Amino acid sequence: MAFFRGLTAVSRLRSRMANEATTLGGVRWLQMQSASDLDLRSQLQELIPEQQDRLKKLKSEHGKVQLGNINVDMVLGGMRGMIGMLWETSLLDPEEGIRFRGLSIPECQKVLPTAVEGGEPLPEGLLWLLLTGKVPTKEQVNSLSKELLARSSVPAHVYKAIDALPVTAHPMTQFTTGVMALQVESEFQKAYDKGLSKAKFWEPTYEDVLNLIARLPPVASYVYRRIFKDGKSIEADNALDYAANFSHMLGFDDPKMLELMRLYITIHTDHEGGNVSAHTGHLVGSALSDPYLSFAAALNGLAGPLHGLANQEVLLWIKSVIEETGSGVTTDQLKEYVWKTLKSGKVVPGFGHGVLRKTDPRYSCQREFALKHLPEDPLFQLVSKLYEVVPPILTELGKVKNPWPNVDAHSGVLLNHFGLSEARYYTVLFGVSRSMGIGSQLIWDRALGLPLERPKSVTMEWLENYCKNKAA
């Protein structure tokens, strides 16, 4: 899959004549547009054969090349650092952060189409990039927006399934229930039951993934309005893009909030394949479970406190700081509260990451958004102060490999500013976003014919005996 790295060159490319076809830094730019150029599925159909050949060549020429050594710490420590799966759509570098098909977040902000001049990227553009490795034109993004809108109708039984739950059920429980209820519409399951060539598995998977992505905002907004707004739903606005329409259905129409939702969904779409939700989606999908089943499983992983629930915990913790110290918290008071949290055996939510060793660029772009749109917000100012206070304390503690803020340290404060203050709901927003990354990779899993995932497990006795024999 092609990767892009030269931003300056891209700026020059954008200004060239529309009928020019150029390749730069491995990223393909298709400037002449026909109906097939605007159709995402047609683009994929062209790309898949060459990527299948690429995988075959990789296996035949380099299949026996070792990628590293596995030690006992890795086996006992959550498989940290093991290379164990193929994930084409993004790659996480400990120093640079996430790259979507080779593009960093700042690069995506510069080259992906936007809804407003100088605004945030449209998530549809990133979805196109994840699936094809190509930076889309505005026309391609508009076409994809219309396609998603056309696919967004949700069957009545889905809402009935959600309504069968107590309104007090956690938003993620209700959201996942909605996704499972959508599963009866699975094109993959229907095609597989009728008999389908393995070479064509990707085609109904594509249909399921795009239908799923399209239907998540109505389902997610229904859950929000059911729990927090007395069940008063808001109809979609067909004139809006994906993220803006989601914000509208939630009940937030401030243009700045629409921009925030575009940014939020874009930066939360994917974070390579080793995190809990992504790995779960890939694992379940490897059994040829359809995208609805795979994504529902991924959502259940995302709902865990050590994964997607963390963004909820951050805002609650920040509000607890204010409750105890008051709104005019000093640096010394903040240091004292951080130490109090740590000494109680808890973590400071929003800091540290399993892979990153520097400030999460997803945090940085949200900070830039806040500086631009809400610099005087008291919670934002507190987050800024935490950025100065927490890392030195965690470094002094000596137990944390990465003391810097991650994506969760900022998102709740931004959402709260525009009125979406119900922290229990935040993980649902994360889930809607993550569908684009997990779904894109599921399509490529089937297109490349990736096998059932089946790693080897061992017992403590096996490890003890193995280590004893190695030492002998």
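Nothing here was measured: the structure is a model prediction, and the numbers come from that model.
At distances below 3.5 Å, not a single donor-acceptor pair connects side-chain atoms of His282 with backbone N or O atoms of Gly273. The backbone N or O of Ala244 lies less than 3.5 Å from no partner atom in the side chain of Ser247, so there is not a single donor-acceptor pair. A side-chain donor-acceptor contact under 3.5 Å links His157 to the backbone of Ala181. A donor-acceptor contact shorter than 3.5 Å links the side chain of Glu124 to the backbone of Tyr242. A donor-acceptor distance shorter than 3.5 angstrom exists from the side chain of Asp208 to the backbone of Glu187, with no hydrogens or angles considered. Of the possible polar contacts, one joining the Ser221 side chain to the Pro218 backbone as a donor-acceptor pair under 3.5 Å is found. Counting only distance, with no hydrogens or angles, the side chain of Tyr206 and the backbone of Arg41 share a donor-acceptor pair below 3.5 Å. Panel note: side chain Gln441, backbone Glu88; a donor-acceptor pair is recorded below 3.5 Å. One N or O on the side chain of Ser143 and one on the backbone of Leu38 form a donor-acceptor pair closer than 3.5 Å. His248 contributes a side-chain N or O that, together with a main-chain N or O of Glu235, makes up a donor-acceptor pair within less than 3.5 Å.
Using bins of under 30°, 30° to 60° and over 60° for the plane-to-plane angle, the ring pair Phe201/Phe188 lands in the perpendicular bin. Ring geometry for His268 versus Phe430: interplanar angle over 60°, hence perpendicular rather than tilted (30 to 60°). Ring orientation note: the planes of Phe228 and Tyr425 are nearly perpendicular, at an angle over 60° on the 30°/60° scale.
Of the inter-residue distances, the one linking Leu86 atom CG with Asp445 atom CG reads 7.5 Å to the nearest 0.5 angstrom. Taken to the nearest 0.5 Å, the OG atom of Ser433 stands 10.5 Å off from the CD1 atom of Ile438. Between atom CD1 of residue Ile48 and atom CG of residue Asp53 there is a gap of 12.0 Å, rounded to the nearest 0.5 Å. Atom CG of Asp93 and atom CZ of Arg99 lie 8.0 Å apart (nearest 0.5 Å). If you take CD on Glu46 and OG1 on Thr132, they are separated by 11.0 Å, rounding to the nearest 0.5 Å. Note that CG of Leu182 and CG of Asn211 are 9.0 Å apart. Values are rounded to the nearest 0.5 Å.
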Review point. Going through the checks in order, is the side-chain contact (heavy atoms from CB on, under 4.5 Å) test met by Gln45 and Trp202?
Key: CA-CA 10 Å; Gln45 199 138 19; Trp202 77 269; 4.2 Å; yes

Review point. Given the rule in the salt bridge (Lys or Arg N to Asp or Glu O under 4.0 Å) test, do Glu203 and Arg446 qualify, once you have shown the distances and angles that lead to the verdict?
Key: CA-CA 9 Å; Glu203 295 178 6; Arg446 301 291 74 81; over 6 Å; no

Practice item. Begin from the C-alpha positions of Leu415 and Leu315 and carry the test side-chain contact (heavy atoms from CB on, under 4.5 Å) through to its verdict. Key: CA-CA 10 Å; Leu415 295 165; Leu315 184 62; over 6 Å; no

**Study point:** Test log, rule side-chain contact (heavy atoms from CB on, under 4.5 Å), inputs Arg215 and Val158
**Key:** CA-CA 11 Å; Arg215 293 167 185 173; Val158 174; over 6 Å; no

**Study point:** CA sep, side-chain torsions, deciding dist, call: Leu463, Leu76, side-chain contact (heavy atoms from CB on, under 4.5 Å)
**Key:** CA-CA 10 Å; Leu463 286 171; Leu76 301 179; 3.9 Å; yes

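When side chains are defined from C-beta on, His170 counts as touching Gln312, because their heavy atoms get closer than 4.5 Å. Between Cys108 and Leu126 there is a side-chain heavy-atom pair separated by less than 4.5 Å. Side-chain contact between Leu40 and Gln140: absent, with no pair of heavy atoms (C-beta onward) separated by less than 4.5 Å. Considering only heavy atoms from C-beta on, Asn416 comes within 4.5 Å of Tyr426 through its side chain. Residues Thr205 and Pro291 are in side-chain contact: their nearest non-hydrogen atoms beyond the backbone lie under 4.5 Å apart. Proximity of Ser145 to Leu122: side-chain heavy atoms (C-beta onward) are nowhere separated by under 4.5 Å. Side-chain contact between Gln189 and Tyr292 is absent, with no heavy-atom pair separated by less than 4.5 Å. In this structure the side chain of Leu47 reaches within 4.5 angstrom of the side chain of Trp444, judged on heavy atoms.
The neighbour count for Met74 CE, taken as heavy atoms of other residues, nucleotides or ligands under 6.0 Å away, is above 12. Around atom CD of Glu461, no more than 12 heavy atoms belonging to other residues, nucleotides or ligands sit under 6.0 Å away. The environment of CD1 in Ile70 is sparse: at most 12 heavy-atom neighbours from other residues, nucleotides or ligands sit within 6.0 Å.
At a threshold of 4.0 Å, the pair Lys110-Glu107 does not count as salt-bridged, since none of the basic side-chain nitrogens sits closer than that to a carboxylate oxygen.
In plain terms, the two heavy atoms of Gln366 and Val407 that are nearest each other are NE2-O, 3.1 Å. Closest heavy-atom contact between Lys190 and Glu185: NZ-O, 4.0 Å. When all heavy atoms of Asp39 and Trp128 are compared, the pair lying nearest together is C-CH2, 4.2 Å. Taking each heavy atom of Gly251 and Ile234 in turn, the nearest pair found is CA-CD1, 3.5 Å. A pairwise comparison of heavy atoms in Gly350 and Ala409 identifies O-CB, 3.2 Å as the closest pair. Across Gly281 and Leu442, no two heavy atoms sit closer than the pair O-CD2, 3.7 Å.
If you run side-chain contact (heavy atoms from CB on, under 4.5 Å) between Leu91 and each of Glu96, Glu272, His271, Arg101, only Glu272 comes through. When the options Asp163, Val219, Leu165 are evaluated for a side-chain contact (heavy atoms from CB on, under 4.5 Å) with Thr177, the one that passes is Leu165.
There is a side-chain donor-acceptor pair under 3.5 Å between Glu422 and Tyr224.
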